[in-house]
Amino acid sequence: EIYTLSLHDALPISNTDGLTGLLNKRYFDRVLTVLEQHCQPFALFYMDLDRFKPVNDTYGHDVGDELLKGVAQRLQGCIRSRDYAFRLGGDEFALLLLGPMTQETCARKMDMICEMIAVPYEIDGNAISVGASCGYALYPAESVDVQQVRYIADQRMYENKQANHARQTDRKSTRLN
């Protein structure tokens with residue numbers, strides 16, 4: 001049986017992000033600790049938004065905040081009721097999907113998350129587009145140390161960000177030629 005913290009009951013406001021309503025980093029750390037203590041398998045997904053800073057710079061922080069709320073809603077739509085979505089800060093998010101998963105399932109989920117985030121957001125009459133860089137890791141399949149799982153997911157996210165940046169650079173240079 002998958003252990004849950006009764007997290008989806010009424011949560012104290014100190015465990016949620018004031019802007020998006022997602023769970024916050026403090027609660028993220030707590031959930032990981034409990035899952036590790038109970039040896040419960042999970043997939044950890046880290047993601048951050050690509051091209052978010054230009055949105056704030058071009059349209060202002062109010063539009064940026066609306067965009068973050070929209071991303072939060074889409075992330076909630078990507079998970080089951082027993083899973084968890086977190087805003088870790090700024091434009092950084094995490095998902096915890098409970099139960100055993102395969103690498104293939106995680107790769108498909110990651111692609112689906114990135115596709116959902118990439119659909120333009122309609123905010124104040126503007127179509128706002130951002131992307132997401134995403135990485136995942138499996139506990140305990142890839143490591144029985146949660147800190148190592150976090151590191152693996154973070155490294156994969158960084159690699160995904162580098163690949164996304166290279167693709168954007170290639171598209172720009174192709175358009176210039």
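Position 1 is the first residue of the sequence; numbering continues from there.
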Joint hydrophobic cluster, [X] plus [Y], side-chain heavy atoms closer than 4.5 Å:
{"X": "V63", "Y": "V130", "value": "yes"}
{"X": "L138", "Y": "M47", "value": "yes"}
{"X": "Y59", "Y": "L49", "value": "yes"}
{"X": "L67", "Y": "M116", "value": "no"}
{"X": "V149", "Y": "I79", "value": "no"}

Pairwise distance [atom1]([X]) to [atom2]([Y]) - rounded to 0.5 angstrom:
{"X": "K69", "Y": "I123", "atom1": "NZ", "atom2": "CD1", "answer": "10.0 Å"}
{"X": "Q37", "Y": "L32", "atom1": "CD", "atom2": "CG", "answer": "11.0 Å"}
{"X": "L88", "Y": "F28", "atom1": "CG", "atom2": "CZ", "answer": "5.5 Å"}
{"X": "C114", "Y": "D50", "atom1": "SG", "atom2": "CG", "answer": "8.0 Å"}
{"X": "L23", "Y": "Y84", "atom1": "CG", "atom2": "OH", "answer": "8.5 Å"}
{"X": "N56", "Y": "D65", "atom1": "CG", "atom2": "CG", "answer": "7.0 Å"}

Task: Derivation and outcome, side chain to side chain contact (heavy atoms under 4.5 Å, CB included), residues M110 and N160 - done: CA-CA 10 Å; M110 187 176 94; N160 186 242; 4.2 Å; yes
For [X] versus [Y], what's the shortest heavy-atom pair and its separation?
{"X": "S133", "Y": "K161", "result": "OG-CA, 3.1 Å"}
{"X": "A137", "Y": "E142", "result": "CA-OE1, 3.1 Å"}
{"X": "V31", "Y": "F86", "result": "CG2-CZ, 4.2 Å"}
{"X": "A72", "Y": "T20", "result": "CB-CB, 3.6 Å"}

TODO: Determine yes or no for a side-chain-to-main-chain donor-acceptor pair under 3.5 angstrom, with D83 supplying the side chain and L98 the backbone.
DONE: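 It does hold such a pair.
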Task: Backbone N/O of H38 and side chain of Q40: donor-acceptor pair under 3.5 Å - done: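 Here the side-chain-to-backbone pair exists.
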Quick check: do [X] and [Y] have side-chain heavy atoms less than 4.5 Å from each other?
{"X": "R150", "Y": "L44", "answer": "yes"}
{"X": "I128", "Y": "F52", "answer": "no"}
{"X": "L75", "Y": "R87", "answer": "no"}
{"X": "R74", "Y": "Y121", "answer": "yes"}
{"X": "V146", "Y": "F42", "answer": "yes"}
{"X": "K109", "Y": "F45", "answer": "yes"}
{"X": "E36", "Y": "D145", "answer": "yes"}
{"X": "D29", "Y": "K25", "answer": "yes"}

Open item on the list: Can you see whether Q148 engages Y139 through a side-chain donor-acceptor pair at a distance of less than 3.5 angstrom?
Closed with: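 Q148 vs Y139: no donor-acceptor pair found between side chains.
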TODO: Considering only NZ, NE, NH1 and NH2 on the basic side and carboxylate oxygens on the acidic side, decide whether K53 and D57 come within less than 4.0 Å.
DONE: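 Yes, K53 and D57 are salt-bridged.
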